[in-house]
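Here's the structure, in structure tokens; my notes come after.
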Amino acid sequence: MSTTNGQWYPPEWPERIRLLSAGELTPVTPRRAATVLLLRDGQDGRDGDGVYAPERTGSAARGTGDDGGTDQATGETRRTGMTGEAGDSGERGASADPGRPASDEQDTPDGPAVYMLRRRASMAFAGGAYAYPGGSVDPRDERMVAWAGPSRAQWAQRLGLDANDATQAQAIVCAAVRETFEEAGVLLAGPTPHTVVADTTGDDWEADRAALVARDLSFAEFLDRRGLVLRSDLLGGWARWITPEFEPRRYDTWFFVAALPRGQRTRNASTEADRTVWIRPGQAADGYDRGELLMMPPTIATLRQLRPYGTVGEALAAAADRDLTPVLAQARLENGELVLSWPGHDEFTKHIRTGTTGGSSA
């Protein structure tokens with residue numbers, strides 16, 4: 001592990017990199033996955049004081065607050081920049097009012113807050129690291145669902161898939177929405193193409209969420225049972241990262257941005273997380289730089305990319321122009337050292353002396 005910042009760097013990586021470089025390791029095929037950077041304007045922190053004060057307990061500090069239960073940020077926000085439906089009224093649920101904040105503080109010097117969870121230390125992959133809600137695509141995410149927003153074919157193009165791979169595009173978008181509901185209790189769907197459900201609390205919602213997690217219920221069945229339409233227009237594609245070839249657990253992950261819908265509340269619904277927090281991207285990045293918050297390269301990279309935006313609306317508008325070319329780490333032997341790098345992200349470069357188990361930042 002790096003001692004100068006919070007970069008997640010498993011001790012077994014140098015040996016696996018050596019094996020890969022020597023042709024003695026066969027990369028596994030990555031599983032497709034999706035994760036969502038859930039955003040809101042206004043103050044962060046459970047108590048709404050706008051302050052994140054980590055408890056320093058070793059290399060990765062704990063965050064403040066479990067549920068982020070203060071005022072929600074925006075309701076339904078502007079579209080992702082692709083052609084799709086948008087509206088400003090509905091019969092049930094929260095009405096769609098693009099860009100309208102649910103809090104009074106929408107233009108702050110520190111920008112919007114992002115919802116993050118800390119993975120339990122016992123997790124085999126990235127234990128103790130801060131991340132966003134997300135997970136692997138379920139094969140059943142390919143089942144047809146009621147759909148609003150850009151077409152599946154448009155999403156296939158946006159996600160960098162084959163133009164005819166609309167089914168896979170739907171599966172990735174469905175995984176993003178499903179995992180956000182499973183892990184944060186937030187649902188980007190509504191009774192009409194122009195609305196979002198206003199409340200996802202209660203025993204009946206929890207029963208459905210638990211059934212989704214257990215895979216006793218498919219996402220298509222869940223939406224159909226409740227008469228809901230998936231709001232793909234509330235998502236914006238932000239980035240795509242592929243786990244390095246030497247890692248035994250590999251994911252091809254699309255990162256999306258979305259606004260917390262008006263009326264809904266986040267909660268730590270994930271069994272994989274021991275803590276959640278609403279935090280400014282800049283504050284989270286500073287915590288990483290100080291070595292207080294442990295993160296994987298894609299997490300800290302996306303946080304830094306969000307830092308310039310003053311509102312949720314600005315970040316969502318920027319998503320339309322984001323480059324979704326996948327970022328894949330490269331490992332090579334150079335002058336007696338193993339060099340691990342992520343194209344376009346020099347801060348993560350590691351130089352590893354051959355025959356050692358450690359490494360240092362470039």
Side-chain angles (χ1 to χ4, degrees), residues 5-8 35-74 101-103 105-121 126 128-134 179-180 183-186 238-239 255-261 264-270 272-316 318:
N5 58 30
Q7 183 176 343
W8 181 68
T35 191
V36 175
L37 285 66
L38 199 60
L39 306 172
R40 74 178 187 192
D41 288 316
Q43 293 178 326
D44 55 346
R46 182 181 61 181
D47 299 324
D49 57 6
V51 176
Y52 173 72
E55 301 169 10
R56 300 179 185 239
T57 55
S59 60
R62 299 186 178 185
T64 61
D66 296 324
D67 304 316
T70 56
D71 291 341
Q72 281 67 34
T74 60
S103 67
E105 297 183 278
Q106 66 178 68
D107 295 309
T108 65
D110 294 322
V114 60
Y115 183 73
M116 303 189 74
L117 52 84
R118 188 179 65 181
R119 294 172 60 83
R120 294 184 182 277
Y130 277 81
Y132 313 113
E179 288 283 346
T180 303
E183 297 196 345
V186 171
W238 192 262
F255 289 73
F256 298 87
V257 290
L260 178 67
Q264 293 193 35
R265 301 171 69 91
T266 55
R267 60 193 177 90
N268 186 3
S270 174
E272 298 179 356
D274 60 9
R275 185 166 293 271
T276 64
V277 66
W278 281 100
I279 185 172
R280 311 282 189 188
Q283 289 177 299
D286 290 344
Y288 167 91
D289 290 336
R290 292 190 298 267
E292 296 170 350
L293 302 182
L294 181 66
M295 298 181 201
M296 293 174 283
T299 309
I300 181 59
T302 49
L303 283 171
R304 295 200 197 284
Q305 292 159 357
L306 283 174
R307 198 164 189 166
Y309 301 103
T311 67
V312 172
E314 290 176 5
L316 294 181

Considering all heavy atoms, the nearest Pro133-Ala184 contact: CG-CB, 4.2 Å
Donor-acceptor pair, distance only, cut-off 3.5 Å: does the side chain of Gln283 make one with the backbone of Ile279? no
Atom pair CG (Leu316) and CH2 (Trp238), whose distance is rounded to the nearest 0.5 Å: 8.5 Å
Where Met295 and Ala129 come nearest, the two heavy atoms and their spacing: CA-CB, 4.3 Å
Testing the 3.5 Å rule here: is there a donor-acceptor pair between the side chains of Trp278 and Thr266? yes
Give me the one residue out of Thr302, Val277, Leu303, Val257 that meets side chain to side chain contact (heavy atoms under 4.5 Å, CB included) with Val114. Leu303
In this structure, OH of Tyr132 is separated from CD of Glu183 (nearest 0.5 Å) by 14.0 Å
Does either side chain, that of Tyr288 or that of Thr299, offer a donor lying less than 3.5 Å from an acceptor on the other one? no
Does the Glu179 side chain pair with the main chain of Thr35, one donor and one acceptor, at a distance under 3.5 Å? no
So, applying side chain to side chain contact (heavy atoms under 4.5 Å, CB included) with Tyr115, which one of Thr180, Leu38, Leu260 is it? Leu38
Would you check if the side chain of Asp41 reaches a backbone N or O of Val312 as a donor-acceptor pair within less than 3.5 Å? yes
Stepwise salt bridge (Lys or Arg N to Asp or Glu O under 4.0 Å) test for Arg280 and Asp286: CA-CA 10 Å; Arg280 311 282 189 188; Asp286 290 344; over 6 Å; no
Heavy-atom nearest pair, Gly310 first then Glu314, reads N-OE1, 2.7 Å
